[in-house]
Amino acid sequence: MKIGLFFGTFNPIHVGHLIIANYMAQHPDIDQVWLVVTPHNPHKEKSTLLADYLRLDMVRDAIYDCPQLKVSDIEFHLAKPNYTISTLTHLQEKYPNDEFSLLLGADNLRSFQKWYNWEQILAHHKLYVYPRIAAAELNVSDELSKHPNIELVKDVPILGISASFVRTQLAAGKDCSFLLTDPVVKFIADRRLYQK
Ligand code: ATP
């Protein structure tokens, strides 16, 4: 099976994430998308980051009826800090018959060459990059933009939504019904999350 890994903090998971995951799950070279919840990094204190298991449960609620979307807590059980290459190596050993690719927003491609062992990632895995900014502003090296293992996804809507924006709105007591799906709105309301 061909699996697209979509790493994120999902703090919270918003419609942008779900639109991207759902779109990529229908790509001819992807059978399933796994939303890999990134655990809290003890070296990066971030008070706004919800506990790992809350974010995991929230993602699970968000994708509950989509057979092509799965949630993964794989990084909760791996050594910290989490390097993508280690997670990929671990998954490839655990599922030798599956093929793993990465899905990321274009903002992440800009810093990709700073990732630990990025050359190794690119040598063995395909990267699908969903636009977050206009391609003209992306400003990545030719080495990346022309690399055969990188596909810049084209002709899709650019989604101007971020989890930070959603958190700010929620903290201000604003209604986020159309930025989040109903199960996520309920999950957050039931637990009074992201309030000031
Ligand atoms: P925050 O605002 O807290 O930084 P975020 O909305 O960027 O969060 P993450 O969980 O950090 O969400 O993102 C997970 C992945 O989803 C990343 O690869 C990111 O680039 C991508 N992503 C998130 N929102 C969008 C968007 N609106 N358009 C394109 N890619 C996105």
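Order of listing sets the numbers, starting from 1, for every ligand and every atom in it.
Atoms of ligand 1 lying under 4.0 Å from at least one heavy atom of Phe7, given by number and element, are 14 (C), 15 (C). Those atoms of ligand 1 with a heavy atom of Ser164 less than 4.0 angstrom away are 1 (P), 2 (O), 3 (O), 4 (O). Residue contact check: Thr9 has heavy atoms under 4.0 Å from atoms 9 (P), 10 (O), 11 (O) of ligand 1. Below 4.0 Å from some heavy atom of Ile161 lie the following atoms of ligand 1, by number and element: 24 (N), 26 (C), 27 (N). Residue Arg167 has at least one heavy-atom neighbour below 4.0 Å for each of these atoms of ligand 1: 3 (O). The Phe10 neighbourhood of ligand 1 comprises atoms 10 (O), with distances under 4.0 Å to a heavy atom of that residue. Close contacts between ligand 1 and Gly8 involve ligand atoms 10 (O), 14 (C) [criterion: under 4.0 Å to a heavy atom].
Heavy-atom separations between Phe165 and ligand 1 are all 4.0 Å or longer. Under a 4.0 Å heavy-atom criterion, Pro131 is in contact with ligand 1.
Note that Arg191 lies in the cation-pi zone of Phe187, set by a 6.0 Å cut-off to the ring centre and a 45° limit from the axis.
Note that NE2 of His124 is 11.0 Å distant from CD of Glu119, once rounded to the nearest 0.5 Å. Distance check: Met58 CE to Tyr53 OH gives 15.0 Å after rounding to the nearest 0.5 Å.
Val36 and Leu56 sit in two unconnected hydrophobic clusters of ILVMFWY residues. Membership requires side-chain heavy atoms under 4.5 Å apart, directly or through other members.
The N/O atoms of Tyr130, backbone and side chain alike, include none that comes under 3.5 Å of an N/O atom in ligand 1. On a distance-only criterion, Gly16 and ligand 1 share no N/O pair closer than 3.5 Å.
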Inset, instruction - Would you sort out whether Trp115 and Ile85 count as a side-chain contact (heavy atoms from CB on, under 4.5 Å), showing the intermediate values? - result: CA-CA 9 Å; Trp115 290 20; Ile85 187 67; over 6 Å; no
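The residue from Asp107, Leu35, Ile20, Leu109 that puts a heavy atom closest to atom 30 (N) of ligand 1 is Ile20.
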